[in-house]
Trainee: 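Right, I'll just put the structure down here and ask away after.
The structure displayed is predicted, hence computed values, not measured ones.
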Amino acid sequence: MSAESTPNSRIPGSKGRRRKPRGKGRKGLLVAAWVAAGIVVVGGTGAGYVYFKLNGNIKSVDIDQVLGSARPSKVDNGSENILVLGSDTRSGSNKELGGGTDDGSARSDTAMIIHVYEGHKKASVVSIPRDTLIDRPQCTDTDGKEHDAASDVMFNSAYTTGGAACAVKTVESMTDIRMDHYLEVDFSGFEKLVDELGGVTVTTTKAIKDTDSHLDLKAGTHELTGAQALGLVRTRHGVGDGSDLGRIQLQQAFIKALVKQVKSVGVLTSPKKLYDLADTATKAVTTDSDLGSVNSLVSFAGGLKGISPSDMTMVTMPVRYDPANPNRVIVQETKAKQIWTALENDRAIPKSATEGTATGQAKGVVTS
């Protein structure tokens, strides 16, 4: 079982069996999980029925119990590490939004480690490309089913194989950093959340048109609906070099716009609007058990609301393209280690960690 295996700090990048590129519509999303917690601070202050209604919305998984004690040690320096994933299930309302076949599976095609520094005034966000080839550790899911280790598989296979617990286990194995919390959001929850916010304003410096993600934007300023926002963070072929790395650049730009929009929620005076936001936010997220109540989520989010877009450093885990398959990337281990060491010690990520690494060609296309 994963709870009995010691996390391996090596970041794998070996080559071996290749997988064909995935079809359209397999793009996950996570960005709403960051702001969902912030909205709960505003909307979750009621009592009685409101409290129990919102509390009942939140889904949680007991990752600590599944993984046990064989994990990286907690670092007691006032910082926190949160693994945020986007759930791309192929059933229900997500099937209509995400496309593809209802095969009963779920995927995490986008993942980020959010490191909140001591004092909770600044944060670093490290995106993990879904196409990264890794060695997935043996893990146990929250139903108690064991899953064998696997070599040379895509990073997002961890969630598909064993859900949240396996995803956390894999990230901790890659980084040798303890994930203090887990947050997950799905397609339909994200779209509804953006709509409840009244849209998110972004400026595009180039036209973006992608039939796969149903997005068609001219260059200029737009107030994106939930469907448009979902299309933007899913788009891969509509701008840049068509890579997953380019899509990550769009996602990171959108997150800053989204956080900026959420900070304006505090000026709203309509109790119904605040409740609707909180209701949507709590329905959208799945958390670890420590955050699985309104009180816990409010307390946690209270520590995030002082972080503005200008206080967020966003990078992508250092990778290089796999010479045997341009649709896959391999971790640049030395540079990645610089990032993990910095986060473990609550320090800023050095610029040298991301210099000379593979990047997409969508930087600056979206601004807030």
Trainee: Going by distance alone, is a donor N or O of one side chain under 3.5 Å from an acceptor N or O of the other, for Asn327 and Asp131?
Mentor: no
Trainee: Looking at Ser296 and Ser293, would you say the former's side chain and the latter's main chain have a donor-acceptor pair under 3.5 Å?
Mentor: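 Judged by distance alone, no pair lies under 3.5 Å.
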Trainee: Is a donor on one side and an acceptor on the other found under 3.5 Å between the side chain of Lys335 and the backbone of Ser352?
Mentor: yes
Trainee: When rounded to the nearest 0.5 angstrom, what distance separates CG in Leu245 from CZ in Arg236?
Mentor: 8.5 Å
Trainee: Any donor and acceptor pair, going by atom type alone, linking the side chain of Thr280 with main-chain N or O of Asp276 inside 3.5 Å?
Mentor: yes
Trainee: When rounded to the nearest 0.5 angstrom, what is the spacing between CD1 in Ile114 and CD in Glu80?
Mentor: 11.0 Å
Trainee: Specify the closest pair of heavy atoms between Tyr117 and Ser124, including all atoms of both residues, with the distance to one decimal.
Mentor: OH-OG, 2.8 Å
Trainee: Does a donor on one side chain sit under 3.5 Å from an acceptor on the other, for Thr354 and Thr357?
Mentor: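 No pair is found: no donor N or O on one side chain lies under 3.5 Å from an acceptor on the other.
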Trainee: Could you pull out the closest heavy-atom pair between Ser243 and Gly360, with the gap in Å?
Mentor: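 Between these two residues, the closest heavy atoms are OG-CA, 3.8 Å.
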Trainee: Any salt bridge between Asp244 and Arg247, counting N to O under 4.0 Å?
Mentor: yes
Trainee: Going by atom types only, do Thr203 and Thr221 share a side-chain donor-acceptor pair under 3.5 Å?
Mentor: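 Their side chains do contain a donor-acceptor pair, which is all the 3.5 Å distance test asks for.
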Trainee: Write down the atom of Ala158, the atom of Ala167, and the distance for their closest heavy-atom approach.
Mentor: CB-CA, 4.1 Å
Trainee: Please walk me through it: do Asp279 and Asn57 pass side-chain contact (heavy atoms from CB on, under 4.5 Å)?
Mentor: CA-CA 7 Å; Asp279 188 43; Asn57 288 343; 2.7 Å; yes
Trainee: Just wondering, are more than 12 heavy atoms of other shown residues or ligands nearer than 6.0 Å to NZ in Lys59?
Mentor: yes
Trainee: State whether the side chain of Asp288 and the backbone N or O of Val61 hold a donor-acceptor pair below 3.5 Å, judged by distance alone.
Mentor: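 No, the answer is negative, given that no donor and acceptor are paired below the 3.5 Å cut-off.
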Trainee: Run the numbers on Lys192 and Lys283 for side-chain contact (heavy atoms from CB on, under 4.5 Å), then give the verdict.
Mentor: CA-CA 10 Å; Lys192 292 174 183 176; Lys283 287 178 179 176; over 6 Å; no
Trainee: Identify the two heavy atoms, one from Val202 and one from Ala257, that lie closest to each other, and give their separation to 0.1 Å.
Mentor: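 Heavy atoms of Val202 and Ala257 come nearest at CG1-CB, 3.8 Å.
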Trainee: If you measure from the Lys or Arg side-chain nitrogens to the Asp or Glu carboxylate oxygens, is any gap between Lys74 and Asp290 under 4.0 Å?
Mentor: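 Result for this pair is no, no salt bridge flagged.
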Trainee: Looking at Asp210 and Arg234, does any basic side-chain N land under 4.0 Å from a carboxylate oxygen?
Mentor: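 Salt bridge absent between Asp210 and Arg234.
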Trainee: Check for a donor-acceptor pair, side chain of Asn345 on one end and backbone N or O of Thr341 on the other, with a separation under 3.5 Å.
Mentor: yes
Trainee: Counting N and O atoms only, with roles assigned by atom type, does the side chain of Arg178 sit under 3.5 Å from a partner on the main chain of Pro72, one being a donor and the other an acceptor?
Mentor: yes
Trainee: Distance-only, no hydrogens or angles: does the Thr205 side chain make a donor-acceptor pair with backbone N or O of Gly364 under 3.5 Å?
Mentor: yes
Trainee: For a quick test of reading the model, state the closest non-hydrogen atom pair linking Asp180 to Ser79 and the distance between them.
Mentor: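 So the minimum-distance heavy-atom pair works out to OD2-O, 4.3 Å.
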Trainee: Would you find a donor on one side and an acceptor on the other, under 3.5 Å apart, between the side chain of Glu184 and the backbone of Thr286?
Mentor: no
Trainee: Sub-3.5 Å donor-acceptor pair from the side chain of Glu172 to the main-chain atoms of Met179, do we have one?
Mentor: yes
Trainee: Before you tell me yes or no, could you show the steps for Val116 and Ile82 under side-chain contact (heavy atoms from CB on, under 4.5 Å), namely the whole-Å CA-CA distance, both residues' side-chain angles and the distance that decides it to 0.1 Å?
Mentor: CA-CA 8 Å; Val116 182; Ile82 307 108; 3.8 Å; yes
